[in-house]
Amino acid sequence: MATENRVHFWRRNAKVPGSVQPVYGAQHPPLDPRLRRSYPKDTKPKFNNLKSKKASSFHEFARSTNDAWDIDEEEDEDFLGTPALTSSLPSGLPSSSIQNQQLQNPAGDSDTSVSHLPQDLHHVWAEDVNGRVVRSTSEVHLNTSPVRSTLQKQPSLPVRPIIPLVARMSDQNASGAPPMTVREKNRLDKFKQLLASPNTDLEELRKHSWSGIPREVRPITWRLLSGYLPANEERRELVLKRKREEYFGFIEQYYHSRTDEHYKDTYRQIHIDIPRTNPLIPLFQQPVVQEVFERILFIWAIRHPASGYVQGINDLVTPFFVVFLSEFVTEDVENFEVAALPLDTQRNIEADSFWCMSKLLDGIQDNYTFAQPGIQNKVKALEELVSRIDEDIHNHFKRYEVEYLQFAFRWMNNLLMRELPLRCTIRLWDTYQAEAEGFSHFHLYVCSAFLIEWRKEILSMVDFQGLLMLLQNLPTIHWGNEEVGLLLAEAYRLKYMFADAPSHYKR
């Protein structure tokens with residue numbers, strides 16, 4: 001009876017526009033539910049003729065998704081209970097054998113290579129011989145195969161060098177340039193000279209950091225630019241020791257209260273969100289790392305009761321954690337086992353990540369207070385700015401009833417972290433740390449430049465659904481330092497033209 005009532009409830013209240021599956025960002029590619037299983041020719045279901053008739057406006061889209069919650073209800077049940085892959089595999093070849101052959105033959109022969117299987121095989125999920133639901137072959141071997149199969153799924157993209165998600169924290173750009181040129185070596189020497197002085201000139205350090213910070217000195221530079229470390233070299237060691245002890249004092253004082261009635265909902269939400277943080281990077285799926293993030297977020301939440309924990313703050317820890325971890329790691333950061341580090345080193349990374357994240361959030365806390373007024377104001381400012389710098393895009397959104405809040409809320413809430421690979425976020429934050437009010441003010445111009453970057457693709461979409469899907473899944477997986485540098489240059493140009501000219505180009 002309860003199940004029947006639930007079904008009728010959704011049928012009566014299915015006025016919320018959207019699809020059955022949530023839309024994710026660049027680091028969370030969506031899975032098409034229609035590819036999860038194979039159907040016999042005569043029994044393949046019809047998906048409300050989505051391809052034959054696209055919604056051209058928000059209202060048409062809403063009407064076309066009135067039954068979004070009860071389309072092919074039996075499909076989801078079958079997905080959980082029946083093998084999805086076996087019908088599309090060659091005869092007599094179970095999914096587990098493909099995985100074994102792929103591991104034994106990473107180079108890939110013509111008989112067993114995943115790339116020679118049907119294209120749909122890259123997207124489906126399957127049951128192995130033990131009945132467990134596992135990802136498709138291309139997903140399972142995301143980190144073991146020398147050539148990432150995710151790039152093979154997009155034949156329309158230009159062939160470019162494959163860059164790991166964190167790119168070993170190097171300054172390699174997407175064009176495949178060597179990580180250390182003569183110019184970069186000179187820049188590194190300049191940074192070392194600045195950092196070695198008894199009193200670091202922070203203005204000079206910001207000026208050099210704007211165009212990117214060398215990997216070798218990024219951890220200490222971020223600590224200085226965030227205000228966590230003092231400019232005076234003699235005081236740094238004492239300040240680090242005191243602040244790290246203070247953080248673990250908070251742990252002793254507050255962390256046991258996570259099960260109390262007053263805080264258990266906060267802790268529960270944090271506990272749910274942590275595994276969703278960068279799910280494609282193995283580093284963040286390690287239990288040790290997830291426990292670190294839980295402590296950082298819980299302590300921050302109870303020390304900031306005006307906002308508490310809000311979904312999206314969990315993403316803001318990751319760049320700091322990776323940068324401070326890179327001080328002690330020479331191999332791929334994304335696959336490094338954090339538990340192998342000495343306990344004191346792990347504790348220092350955790351404390352430093354907490355304090356630097358706290359410094360960042362101090363400048364944008366109104367983004368996370370009740371009703372998130374900071375984000376609402378920034379989205380409105382983005383709309384106003386785009387209407388002045390590119391009227392075609394603005395009118396295109398109006399024509400198809402696309403609201404800026406529908407795509408830009410996440411851009412402001414997560415500081416574009418869901419739209420860009422992590423290596424790009426770290427490079428972006430080099431400039432944000434160097435720019436006055438980088439996270440709170442300059443980010444608006446970066447979002448504007450980011451939107452205009454996709455002008456051609458946006459204007460080519462002539463329906464509400466296509467526009468929203470594009471804006472929530474922008475193809476940045478190949479981006480590197482080169483693209484981020486151009487984005488920041490355009491953002492600076494926009495800031496220079498519009499920041500102090502509220503009537504400039506005003507219609």
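All values below were derived from every heavy atom in this structure, side-chain atoms included, with hydrogens, water molecules and symmetry-related copies excluded. Along the sequence shown, residues are numbered consecutively beginning with 1.
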Legend entry - Under 3.5 Å side-chain donor-acceptor pair for E435 and Y492: no
Inset, instruction - State whether the number of non-hydrogen atoms from other residues, nucleotides or ligands found under 6.0 Å of R455 atom CZ is greater than 12. - result: yes
Inset, instruction - State whether the side chain of H208 and the backbone N or O of K190 hold a donor-acceptor pair below 3.5 Å, judged by distance alone. - result: no
Legend entry - CA sep, side-chain torsions, deciding dist, call: F324, W222, ring pair (Phe, Tyr, Trp, His ring centres under 6.0 Å): CA-CA 9 Å; F324 297 144; W222 276 28; 7.0 Å; no
Legend entry - Given E294, Q290, R258, the one that forms side-chain hydrogen bond (donor to acceptor under 3.5 Å, both in side chains) with H271: E294
Inset, instruction - Answer yes if the ring centres of W300 and Y309 are under 6.0 angstrom apart, and no otherwise. - result: no
Inset, instruction - Report yes or no: do D273 and N314 form a side-chain donor-acceptor pair below 3.5 Å? - result: no
Inset, instruction - For L488 and W210, work out which heavy atoms get closest and say how close. - result: O-CH2, 3.6 Å
Legend entry - Test side-chain contact (heavy atoms from CB on, under 4.5 Å) applied to L416 and T425, step by step: CA-CA 8 Å; L416 287 177; T425 297; over 6 Å; no
Inset, instruction - Could you tell me whether R223 and E327 have a side-chain N and a carboxylate O separated by less than 4.0 Å? - result: yes
Inset, instruction - Using modelled atom types only, decide if a donor and an acceptor are shared between the side chain of E401 and the backbone of F464 within a distance under 3.5 Å. - result: no
Legend entry - E245 and K241 ion-paired at < 4.0 Å: yes
Legend entry - Under 3.5 Å: donor-acceptor pair, side chain of H394, backbone of I389: no
Legend entry - F354 and R295, any side-chain heavy atoms less than 4.5 Å apart: no
Legend entry - Exam field: side chain T369 to backbone S307, donor-acceptor pair closer than 3.5 Å: no
Legend entry - Nearest non-hydrogen partners of F498 and R388, listed with the distance: CD2-NH2, 3.5 Å
Inset, instruction - Inspect the contact between K207 and E204 and indicate whether a charged nitrogen and a carboxylate oxygen are less than 4.0 angstrom apart. - result: yes
Legend entry - Presence of salt bridge, K192 and E216, under 4.0 angstrom: no
Legend entry - Backbone of G466 reached by a side-chain donor or acceptor of D463 within 3.5 Å: yes
Inset, instruction - Take the angle between the ring planes of Y404 and F407 and call it parallel below 30°, perpendicular above 60°, tilted in between. - result: tilted
Legend entry - Shortest non-hydrogen separation from L444 to M412 and the atoms involved: CD1-CE, 4.3 Å
Legend entry - Expected output: side-chain D332 to main-chain N335 donor-acceptor under 3.5 Å: no
Inset, instruction - Inspect the contact between E184 and R187 and indicate whether a charged nitrogen and a carboxylate oxygen are less than 4.0 angstrom apart. - result: no
Legend entry - Donor-acceptor pair, side chain of N377 and main chain of P373, under 3.5 angstrom: yes
Inset, instruction - Taking the side chain as every heavy atom from C-beta outward, state whether L297 and I313 have any pair of such atoms under 4.5 Å apart. - result: yes
Inset, instruction - On the 0 to 90° scale, with breaks at 30° and 60°, tag the F284-F321 ring pair as parallel, tilted or perpendicular. - result: tilted
Inset, instruction - Determine the minimum heavy-atom distance between S440 and G363, stating which atoms define it. - result: CB-O, 3.7 Å
Inset, instruction - Determine yes or no for a side-chain-to-main-chain donor-acceptor pair under 3.5 angstrom, with Q472 supplying the side chain and Q406 the backbone. - result: yes
Inset, instruction - Output yes when a side-chain donor or acceptor of T476 lies under 3.5 Å from a complementary backbone atom of E419, and no otherwise. - result: yes
Inset, instruction - Using a cut-off of 6.0 Å, state whether more than 12 heavy atoms not belonging to K359 lie near its atom NZ. - result: no
Inset, instruction - Just say parallel, tilted or perpendicular for the rings of Y254 and F250, cut-offs at 30° and 60°. - result: tilted
